[in-house]
Amino acid sequence: MEQLLHWCDLIGIVIFAFTGVLAAGHKQMDLFGAVVLACVTATGGGTTRDMILNVPVFWLSDSYYLWIAAATGVISFYLIRYLQVPMRLLMIADAAGLAVFVVIGTQKVLDLGHTPAIAIVMGVMTGTFGGLIRDILCGDIPLLLRREIYATAALSGAAALVILDDIQALPGEAVVAIAVFVTLGIRLAALRWNLSAPIARMRPD
């Protein structure tokens, strides 16, 4: 189980770093800007989680996470210069990163002995805050705050993991896989059929 979570963590780092570079490409940033976006997107959620929980920040104790994010940023920067990358790919890659990091964050907080409610909140934060920082740096309204089904997908995946973990009817690996697919499935369905949440409207005077 620990090995599975470790590999999921690495996959999430690569995916979110890639989305950071895609966002930088659409804003026509240079290599430095692309690598910065790659690193903050890949590590922002986990860093925020660890600081709030007052535990060692994960990439300070295991610096290879940061190196992987930076290396992905450099490789992706040159890759997208020669390939036509649609904005749709950014959204799909972001959905995959969201699913992986939500589950990783939720499971880590459960392993630390916190309550399910805290685990869900921290899981959602882990999955969404890297993208939130990325969007703010790009001058965009963060996906987390738009009408799209985004935070709802993260919340559903985190809740699914907590519930299945409490029931203990399935192996840990199966619980992780189901939670990932719940998050990813809801987010991709929202992208496919343009599903959205109600928006705040002011009643005219």
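Everything numeric here is computed off the predicted structure, so don't read it as measured data. In this chain, numbering begins with 1 at the start of the sequence shown.
- Residue pairs meeting the salt bridge (Lys or Arg N to Asp or Glu O under 4.0 Å) criterion with at least one partner in residues 117-133, sequence neighbours excluded, do not occur; the list is empty.
- Between Phe129 and Leu144, the closest side-chain pair of non-hydrogen atoms falls below 4.5 Å.
- Atom-to-atom distance recorded for Leu132:CG and Leu145:CG is 6.0 Å, nearest 0.5 angstrom.
- Every residue two or more places apart in sequence or in another chain that forms a side-chain hydrogen bond (donor to acceptor under 3.5 Å, both in side chains) with Thr47 is listed here: Trp59.
- Hydrophobic clustering (ILVMFWY, side-chain heavy atoms < 4.5 Å, transitive): Val121 and Ile52 are in one cluster.
- Taking CE from Met125 and CG from Leu53, the interatomic distance works out to 8.5 Å, rounded to the nearest 0.5 Å.
- Within 6.0 Å of CD1 in Ile141 there are 12 or fewer heavy atoms belonging to other residues, nucleotides or ligands.
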Step by step, work out the side-chain contact (heavy atoms from CB on, under 4.5 Å) result for Phe16 and Thr43.
-> CA-CA 9 Å; Phe16 260 171; Thr43 63; over 6 Å; no

Quick one: do Cys138 and Leu37 satisfy side-chain contact (heavy atoms from CB on, under 4.5 Å)? Show the steps, please.
-> CA-CA 9 Å; Cys138 288; Leu37 274 190; 3.5 Å; yes

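- Across all non-hydrogen atoms, the minimal contact from Ala96 to Ile15 is CB-CD1, 4.0 Å.
- Atom OH of residue Tyr64 and atom CD1 of residue Ile13 lie 9.5 Å apart, to the nearest 0.5 angstrom.
- In this structure the side chain of Phe18 reaches within 4.5 angstrom of the side chain of Leu89, judged on heavy atoms.
- Contact detail for Ala38 and Val21: the closest heavy-atom pair is CB-CG2, 3.9 Å.
- By the salt bridge (Lys or Arg N to Asp or Glu O under 4.0 Å) test, Asp135 pairs with no residue at all, sequence neighbours left out.
- Residues satisfying the side chain to side chain contact (heavy atoms under 4.5 Å, CB included) criterion with Val36, sequence neighbours excluded, are Phe32, Val40.
- Here the CH2-CD distance, from Trp7 to Glu2, works out to 13.5 Å after rounding to the nearest 0.5 Å.
- Within the structure, salt bridge (Lys or Arg N to Asp or Glu O under 4.0 Å) pairs that include any residue of residues 33-47 do not occur (at least two apart or interchain).
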Should Met122 and Thr48 be marked as a side-chain contact (heavy atoms from CB on, under 4.5 Å) after you check the CA-CA gap, both sets of side-chain angles, and the distance that decides it?
-> CA-CA 9 Å; Met122 291 293 107; Thr48 306; over 6 Å; no

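- Of all heavy-atom pairs spanning Pro116 and Leu110, the tightest one is CA-CD2, 4.3 Å.
- Listed for the Ser61 side chain is a donor-acceptor partner under 3.5 Å among the backbone atoms of Phe58.
- Connection of Leu164 to Val100 is established within a shared hydrophobic cluster, with ILVMFWY side chains joined at heavy-atom distances below 4.5 Å, either directly or through further cluster members.
- Listed by first then second residue, pairs satisfying side-chain hydrogen bond (donor to acceptor under 3.5 Å, both in side chains) with a partner in residues 104-115 read Asp9-Lys108, Gln107-Asp111, not counting sequence neighbours.
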Anything under 3.5 Å between a donor and an acceptor, one on a side chain of residues 72-82, the other on a protein residue two or more places apart or in another chain? List them.
residue	atom	partner	partner atom	Å
Thr72	OG1	Ile68	O	2.8
Ser76	OG	Thr72	O	2.7

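- Among residue pairs with one or both ends in residues 151-175, none qualify as side-chain hydrogen bond (donor to acceptor under 3.5 Å, both in side chains); sequence neighbours excluded.
- Hydrophobic clustering, with ILVMFWY side chains joined whenever heavy atoms are under 4.5 angstrom apart, groups Leu170 together with Leu4.
- Criterion: ILVMFWY side-chain heavy atoms under 4.5 Å apart, direct or through other members. Under it, Val57 and Phe101 are part of a common hydrophobic cluster.
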Under 3.5 Å, which donor-acceptor pairs link side chains of residues 174-195 to any protein atom two or more places apart or in another chain?
residue	atom	partner	partner atom	Å
Thr183	OG1	Ala179	O	3.0
Arg187	NH1	Glu148	OE1	3.4
Arg187	NH1	Ile149	O	3.0
Arg187	NH2	Glu148	OE1	3.0

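- One distance of note links CG of Leu155 with OH of Tyr150; it measures 13.5 Å at 0.5 Å rounding.
- Among residues two or more places apart in sequence or in another chain, the side-chain hydrogen bond (donor to acceptor under 3.5 Å, both in side chains) test is passed with Arg134 by Thr19, Asp94.
- With sequence neighbours excluded, no residue forms a side-chain hydrogen bond (donor to acceptor under 3.5 Å, both in side chains) with Asp62.
- The two atoms that bring Ile136 and Pro142 nearest to each other are CG1-CG, 3.9 Å, heavy atoms only.
- Side chains of Pro56 and Asp50 form no contact here, defined as non-hydrogen atoms less than 4.5 Å apart.
- In terms of heavy atoms, Met29 sits closest to Ala34 at CB-N, 4.4 Å.
- The side-chain hydrogen bond (donor to acceptor under 3.5 Å, both in side chains) contacts involving residues 20-30 comprise Lys27-Asp140, where partners must be two or more places apart or lie in separate chains.
- Contact between Leu10 and Tyr65 at its shortest, heavy atoms only, is CD2-CE2, 3.6 Å.
- In the hydrophobic cluster analysis, where Ile, Leu, Val, Met, Phe, Trp and Tyr join through side-chain heavy atoms closer than 4.5 angstrom, Val124 is grouped together with Met51.
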May I have the step-by-step check of side-chain contact (heavy atoms from CB on, under 4.5 Å) for Ile104 and Leu5, ending in yes or no?
-> CA-CA 6 Å; Ile104 290 293; Leu5 292 176; 3.8 Å; yes

